[in-house]
Amino acid sequence: MLKIYNTLTRTKEPFQPRVAGKVGMYVCGMTVYDYCHIGHARVMVVFDTVARYFRYLNYELTYVRNVTDIDDKIIKRAIENNEDYEKLTERFIEAMHEDERALAVLPPDIEPRATQSIEDIISMIKTLVAKDLAYVGTNGDVFYAVNQFKDYGRLSGKNMDDLQAGERVDIDLAKRNPMDFVLWKMAKTNEPAWDSPWGFGRPGWHIECSAMSTCCLGNHFDIHGGGMDLQFPHHENEIAQSEGATGEKFVNLWMHNGFVRIDDEKMSKSLGNFFTVREVLKQYQPEIIRFFILSSHYRSPLNYSDEQLNDAGSALTRLYTALRGTIVTSNELIDQDYKNRFEQAMNDDFNTPVALAVLFDLARDLNKAKSHEPQKIDSLAATLKILASLLGILQADPEAFLKGSGNNNADNKTIEQQILARLDAKTTKDWALADKIRNDLKEQGVILEDSPDGTTSWRRE
RNA sequence: GGCUGCGUAGCAAAAUGGUUAUGCAGUGGCCUGCAAAGCCAUCUACGGCGGUUCGAUUCCGCCCGCAGCCUCCA
């Protein structure tokens with residue numbers, strides 16, 4: 001039985017789909033004005049893994065992840081770059097897709113964009129205004145009247161009075177209540193704008209997600225996800241908008257992933273302490289990044305450091321080494337014990353660290369089978385590869401992974417030649433020469449491994 | 001100040017009211033010409049103080065420390 005932690009109730013709940021056998025999941029995606037950093041990668045990988053697991057459990061999943069392609073930051077960046085804002089967003093959407101593919105993140109089923117959903121957004125705002133949940137402020141912007149929505153603050157555990165007691169900066173006098181938030185923002189000269197009953201402008205950030213999610217998945221759907229920081233105010237506002245407009249319950253289950261940190265501090269654009277995915281990819285194989293992300297539970301903080309990435313690389317190397325030389329053919333050989341243990345881990349709120357631990361136990365068994373019980377090799381290897389596929393890892397050719405890491409110099413052909421030379425030296429028992437060749441390669445980051453059958457395999461460290 | 005959450009061995013990271021997590025690193029052994037890889041064995045734990053309990057790292061309370069949200073942020 002799959003259990004998932006629900007932010008709304010702060011407990012793990014047995015997962016109950018709204019419609020038997022089907023799941024609708026919406027995840028807040030990127031605002032595309034810059035390259036994705038490792039924090040964004042975490043969202044993509046985490047929810048990709050969730051999506052893979054739902055499909056594995058035979059749910060008919062509709063996975064929606066939006067793209068925010070119009071907002072203040074985009075406009076600002078476009079002006080800085082002296083670039084058309086649509087060119088800018090196209091560029092970064094393409095870059096995002098490249099990063100996704102590198103990280104083995106399967107594309108969502110639907111990827112709606114704010115600028116392509118303007119009609120839906122306007123119609124939702126109209127409804128909110130008609131229901132008196134929204135009003136036009138003194139500056140012409142349309143605001144949501146937070147006081148009109150009784151459950152406001154429930155998701156994030158905020159109390160309205162406490163919030164108002166807090167020191168809020170820049171209270172916008174156009175609003176009736178400082179907590180009210182923008183639904184429709186009037187355009188300044190030369191800003192991108194769409195016509196609306198309130199004049200030319202653009203949607204506020206929160207409304208687009210309400211409009212796009214309900215359009216794609218219906219007024220009421222199963223799962224809504226995103227980073228922790230979106231809990232308040234973004235998701236709180238989404239609930240107020242959607243439930244306010246439709247009069248129906250919006251989402252059953254809210255999932256929030258933890259942050260990536262650097263030196264125990266949140267990685268974020270505003271702090272400037274972020275690493276982009278493509279930056280990290282220059283140093284590490286993409287699968288190492290994915291493994292690193294899955295090596296901690298999705299709700300825990302994840303500290304980013306070279307040491308951690310290197311460890312992830314070593315760990316993956318161990319798994320691929322176990323898989324080396326095996327041939328995976330059929331699914332029917334899958335080992336039930338390991339499958340059960342793996343599913344148990346994943347069923348417990350997607351506990352990927354435990355799921356990975358199962359894979360390591362499996363790898364040890366596989367290594368043992370290689371020397372003692374060859375008849376078990378095929379089944380164990382198949383089990384390892386199939387279970388790993390649910391996490392989006394171990395799908396590459398082991399040799400390709402083991403030889404492919406590193407940013408070093410020696411080309412494969414030279415390495416192979418050196419190995420042949422060393423094998424000659426070994427047959428004449430010229431250990432000095434054999435060891436010299438091995439050491440020279442080692443200095444270039446190439447590790448040699450002699451096998452009992454007289455051949456030598458190699459990998460990059 | 002209010003509200004969340006966290007504090008596990010050298011590092012990372014899980015589970016659990018009494019029994020091996022797991023990975024990397026260390027130590028000893030097997031294997032090897034020597035290595036590497038692999039296998040076997042093994043050393044480092046549960047922030048502090050109280051309480052509940054036959055027994056707590058695990059439940060409860062307090063304290064200390066850390067992070068996040070309360071403003072755009074995955």
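It should be emphasised that the depicted structure is a prediction, and the values quoted were computed from it without experimental measurement. Residue numbers begin at 1 in each chain, while the letters A, B, ... track the order of the sequences.
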Task: Out of B/C40, B/U4, B/U22, whichever nucleotide has its closest atom nearest the side chain of A/F360 - done: B/U22

Open item on the list: Looking at B/A45, which nucleotide sits across from it as a Watson-Crick or G-U wobble partner, both distances under 3.5 angstrom, or is there none?
Closed with: none

Task: Mate of B/A12 where both pairing distances stay under 3.5 Å, Watson-Crick or G-U - done: B/U22

Task: Listed nucleotide nearest any side-chain atom of A/D450, set B/A35, B/A37, B/A74 - done: B/A35

- [ ] When you get a sec, tell me which of B/C24, B/G68, B/C39 is the closest nucleotide to the side chain of A/N367?
- [x] B/C39

Open item on the list: Of the listed nucleotides (B/A74, B/A13, B/G5), which one gets closest to any side-chain atom of A/S296?
Closed with: B/A13

- [ ] Hunt down the Watson-Crick or G-U wobble partner of B/G65, both distances under 3.5 Å, from any strand shown, or write none.
- [x] B/C6

- [ ] For the side chain of A/D311, starting at C-beta, report the closest nucleotide among B/U22, B/A67, B/C11.
- [x] B/C11

Task: Closest to the A/E307 side chain, choosing from B/A36, B/C11, B/C40 - done: B/C11

TODO: May I ask you to check whether A/F54 and A/F15 place their ring centers less than 6.0 Å from one another?
DONE: yes

Task: Nearest listed nucleotide, side chain of A/Q308, among B/A21, B/A12, B/C40 - done: B/A12

- [ ] Tell me which nucleotide among B/A74, B/U4, B/A36 gets nearest to the side chain of A/H37.
- [x] B/A74

Open item on the list: From the set B/G23, B/C34, B/A21, return the single nucleotide nearest to any side-chain atom of A/A357.
Closed with: B/A21

Task: Out of B/C24, B/A37, B/A67, whichever nucleotide has its closest atom nearest the side chain of A/S314 - done: B/C24

Open item on the list: Check the orientation of A/Y298 and A/F350. Use parallel for under 30°, tilted for 30 to 60°, and perpendicular for over 60°.
Closed with: perpendicular

- [ ] Indicate, yes or no, whether a donor-acceptor pair under 3.5 Å links the base of B/A35 to the side chain of A/R438.
- [x] yes

Open item on the list: So is the aromatic ring of A/W431 stacked onto the base of B/G33, judging by whether the centres are under 5.5 Å apart and the planes are under 30° apart?
Closed with: yes

Task: Ring centers of A/Y85, A/Y33 separated by less than 6.0 Å - done: no

Open item on the list: I want to check something: taking the side chain as every heavy atom from C-beta on, are A/Y320 and A/E287 in contact at a cut-off of under 4.5 Å?
Closed with: yes

Task: OP1 or OP2 of B/C30 under 4.0 Å from side-chain N/O of A/S371 - done: no

TODO: Supply the atom-to-atom distance A/L391 CG to A/S295 OG, rounded to the nearest 0.5 angstrom.
DONE: 11.5 Å

